[in-house]
Number of protein chains: 2
Amino acid sequence: MKVARHLVEARRERLADLLRQHRYLPLHDVCTQFGISEATARRDLAALSDEKKVTRTYGGALADYNATFASFAERRNLSREAKRKIAARAIALLRPGMTCYLDAGTTMLALAETLRQRPVTPLTIVTNNLLVAETLAELPGIEVHLLGGLLLRRQSVLLGEQAKKSAAAWRFDLVFLGAEGMDAEGITNSQEDVVEFQKTVAGRSKRTALCLDAAKLVHQAAAFLFPWKQVDLLLTDASPAVLRCHGIAAKLV
Amino acid sequence: MKVARHLVEARRERLADLLRQHRYLPLHDVCTQFGISEATARRDLAALSDEKKVTRTYGGALADYNATFASFAERRNLSREAKRKIAARAIALLRPGMTCYLDAGTTMLALAETLRQRPVTPLTIVTNNLLVAETLAELPGIEVHLLGGLLLRRQSVLLGEQAKKSAAAWRFDLVFLGAEGMDAEGITNSQEDVVEFQKTVAGRSKRTALCLDAAKLVHQAAAFLFPWKQVDLLLTDASPAVLRCHGIAAKLV
DNA sequence: TTTTATATGATTGACTTTAATCATATAACT
DNA sequence: AGTTATATGATTAAAGTCAATCATATAAAA
């Protein structure tokens with residue numbers, strides 16, 4: 001029998017939350033948990049799936065990171081190949097004993113994932129990127145330090161005064177930074193506070209490596225980060241020829 | 001035909017890693033990815049499942065947090081009811097506008113999960129517990145600050161000098177601490193550095209609430225944390241009578 | 001109140017997944 | 001080299017899951 005609309009939506013919200021807690025639920029558990037038939041459970045999951053809050057699997061459903069790390073997860077699959085290429089080059093720069101900083105962003109997560117598969121040890125990694133930290137933690141020989149700060153969930157990153165202060169306590173051999181745009185002038189990023197933070201970190205390091213995939217070439221973001229002469233290394237999947245024709249001259253790796 | 005043992009194990013490790021990246025894989029994808037039959041894929045997943053590295057689902061498998069937050073996840077289901085009870089009492093102590101610290105440990109995670117479902121706002125939460133931070137982040141009206149420090153993955157927690165320094169920058173209205181044991185003398189915990197840290201945090205707060213489930217009653221851990229008189233509030237599922245007969249006299253909530 | 005729209009559970013048949021068994025090739029052991 | 005142990009894929013029957021359809025009760029709209 002039909003049930004009031006608001007009750008349905010409330011149930012679906014509770015379902016999304018339950019799913020978030022369990023990370024995965026078989027269809028049957030959904031039925032018993034809410035005392036509904038399989039058909040309704042299926043319809044509920046289908047609805048949540050349409051809203052991209054969960055992912056259906058054969059026999060159940062998965063909580064979506066999308067629900068939590070929304071924009072982050074979306075971009076994650078973008079130009080994946082490019083990110084992998086950049087990550088491989090970045091890792092070639094690592095030497096045992098180094099202390100490195102890994103920036104926010106999906107490119108850095110790709111770097112961390114690659115590093116996880118082909119570790120360089122010993123290494124001290126400092127980051128404000130929660131997913132990077134979780135990816136690298138527990139690898140033997142790699143010490144992970146997370147900077148403190150205000151948690152911005154959408155980007156899964158820590159920022160704010162406290163983060164800047166934490167960063168100031170370090171000396172890095174090499175910092176890897178990501179950004180949103182690059183052109184003949186230099187590097188740009190979308191948020192002022194992110195740029196602030198990146199400058200702080202770069203100031204504490206011997207060398208600074210910028211990681212940008214070719215898709216960032218045309219794009220110009222709001223906040224100016226660096227002119228090219230402050231960039232020690234550029235890691236990109238764009239060819240030298242393409243870079244030249246955009247008027248970019250940087251030390252490629 | 002039989003294949004060398006080391007190849008099997010290598011494949012299973014790669015599978016675990018692949019799964020970790022994808023969070024979920026349908027059985028069929030495992031087959032195509034490694035070019036193996038369903039039977040073998042099933043056996044591989046079963047093996048990883050025995051090692052608690054993945055969780056089998058109907059039609060596929062899930063990456064386990066167990067693989068990463070091993071001991072943490074195991075304890076998570078222990079005395080769940082007790083933790084929920086404690087969490088409910090803890091949340092009753094919260095008032096809009098407060099700045100609170102949430103400690104490491106599964107009890108605090110339960111608290112965070114409960115808070116997520118029945119939010120008190122506005123609230124500033126400071127923690128060194130990654131799972132707590134992720135649980136609470138993005139809730140409207142709740143600001144989450146993560147302390148910096150060395151990431152101890154097994155406990156999913158941040159510690160070390162840096163963490164202590166970060167904590168020293170705060171003033172709390174109320175801190176919630178967990179511990180491993182309690183007796184007539186006071187509260188004990190298992191690790192010296194954790195205790196150190198807890199003392200630092202408690203020193204920065206107006207009030208200190210200790211959260212311990214009844215299972216901790218007999219247990220006595222290595223490092224001494226507090227005598228009872230330094231505990232402002234005791235949140236526990238143990239009855240007053242039981243506490244008395246263990247010689248514990250604290251302000252119950 | 002009457003009418004319309006819809007949320008639900010039951011039923012069905014098609015399709016998938018599973019666990020168990022087996023033959024075989026080959027790794028590991030003696 | 002000869003023997004044993006086992007990792008593999010194929011086959012099967014049983015169980016589970018799914019999408020579609022339908023009758024019904026009731027919420028929402030008129």
Side-chain angles (χ1 to χ4, degrees), chain A residues 1-67 73 77 117, chain B residues 1-67 73 77 117:
Chain A
M1 44 297 236
K2 184 175 176 179
V3 102
R5 185 71 219 175
H6 71 273
L7 291 178
V8 175
E9 308 217 320
R11 186 187 61 220
R12 288 184 181 168
E13 286 224 3
R14 278 191 297 143
L15 173 54
D17 231 49
L18 193 71
L19 209 35
R20 210 192 75 89
Q21 275 177 43
H22 287 78
R23 210 158 49 100
Y24 172 86
L25 279 181
L27 190 82
H28 187 258
D29 285 18
V30 178
C31 299
T32 54
Q33 197 65 217
F34 294 94
I36 56 182
S37 71
E38 291 196 359
T40 302
R42 255 186 261 282
R43 278 185 278 251
D44 279 2
L45 289 179
L48 290 174
S49 176
D50 284 347
E51 299 174 56
K52 315 270 180 182
K53 288 186 178 173
V54 309
T55 306
R56 283 248 37 201
T57 71
Y58 204 95
L62 248 76
D64 249 18
Y65 267 99
N66 292 347
N77 280 315
Q117 275 161 15
Chain B
M1 46 291 233
K2 183 174 177 180
V3 101
R5 187 72 218 175
H6 70 274
L7 292 178
V8 175
E9 309 217 319
R11 186 186 61 219
R12 290 184 180 167
E13 287 227 359
R14 278 191 298 146
L15 174 55
D17 234 48
L18 193 71
L19 209 36
R20 213 189 75 90
Q21 276 176 42
H22 287 76
R23 207 160 52 98
Y24 173 84
L25 279 180
L27 190 82
H28 186 258
D29 285 18
V30 178
C31 298
T32 54
Q33 197 64 220
F34 294 95
I36 55 182
S37 71
E38 291 197 359
T40 302
R42 256 187 260 282
R43 280 187 274 251
D44 279 2
L45 290 179
L48 290 174
S49 176
D50 283 347
E51 298 174 56
K52 314 273 183 179
K53 288 186 178 174
V54 308
T55 307
R56 282 248 38 201
T57 72
Y58 205 94
L62 249 77
D64 247 18
Y65 270 99
N66 292 349
N77 281 315
Q117 277 162 13

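Residue numbers begin at 1 in each chain, while the letters A, B, ... track the order of the sequences.
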First locate atom [atom1] of [X], then atom [atom2] of [Y], and finally report the distance between them rounded to the nearest 0.5 Å.
{"X": "B:Leu15", "Y": "B:Ile36", "atom1": "CG", "atom2": "CD1", "answer": "7.0 Å"}
{"X": "B:Asp50", "Y": "B:Leu45", "atom1": "CG", "atom2": "CG", "answer": "11.0 Å"}
{"X": "B:Glu51", "Y": "B:Arg12", "atom1": "CD", "atom2": "CZ", "answer": "8.0 Å"}

Report the distance from atom [atom1] of [X] to atom [atom2] of [N], rounded to the nearest whole Å.
{"X": "B:Arg12", "N": "D:dT8", "atom1": "CZ", "atom2": "C1'", "value": "11 Å"}
{"X": "A:Lys2", "N": "C:dA7", "atom1": "NZ", "atom2": "P", "value": "6 Å"}
{"X": "A:Asp44", "N": "C:dT6", "atom1": "CG", "atom2": "C1'", "value": "14 Å"}
{"X": "B:Ile36", "N": "D:dA7", "atom1": "CD1", "atom2": "C1'", "value": "11 Å"}
{"X": "A:Glu9", "N": "D:dA27", "atom1": "CD", "atom2": "P", "value": "16 Å"}
{"X": "A:Asp29", "N": "D:dT17", "atom1": "CG", "atom2": "C1'", "value": "15 Å"}

**Message:** Using heavy-atom distances to pick each residue's nearest nucleotide on DNA chain C, tell me which of A:Ala41 and B:His6 is more 5'.
**Reply:** A:Ala41
**Asked** Where the side chain of A:Arg11 is defined as all heavy atoms beyond and including C-beta, which of D:dA7, C:dT8, D:dT26 is the nearest nucleotide?
**Response** C:dT8
**Prompt:** If you check the B:Met1 side chain, which of D:dA7, C:dT26, C:dA28 turns out closest?
**Reply:** C:dT26
**Asked** Taking OP1 and OP2 of D:dG9, is either one under 4.0 Å from a side-chain nitrogen or oxygen of B:Thr40?
**Response** yes
**Fill in**
Per-nucleotide protein contact along nucleotides 12-23 of chain C, 5' to 3', at a 4.0 Å heavy-atom cut-off (B base, S sugar-phosphate only, - neither), is ----SBB-----
**Asked** So, for A:Ala63 and B:Arg23, which heavy atoms are closest and what is the spacing to 0.1 Å?
**Response** O-NH1, 2.7 Å
**Complete:** Looking only at heavy atoms, the pair that brings B:Val3 and B:Val8 closest together is CG1-CG2, 3.3 Å
**Request:** Flag the pair A:Leu25 / A:Leu18 as yes when at least one side-chain heavy-atom distance between them is below 4.5 Å, and no otherwise.
**Result:** yes
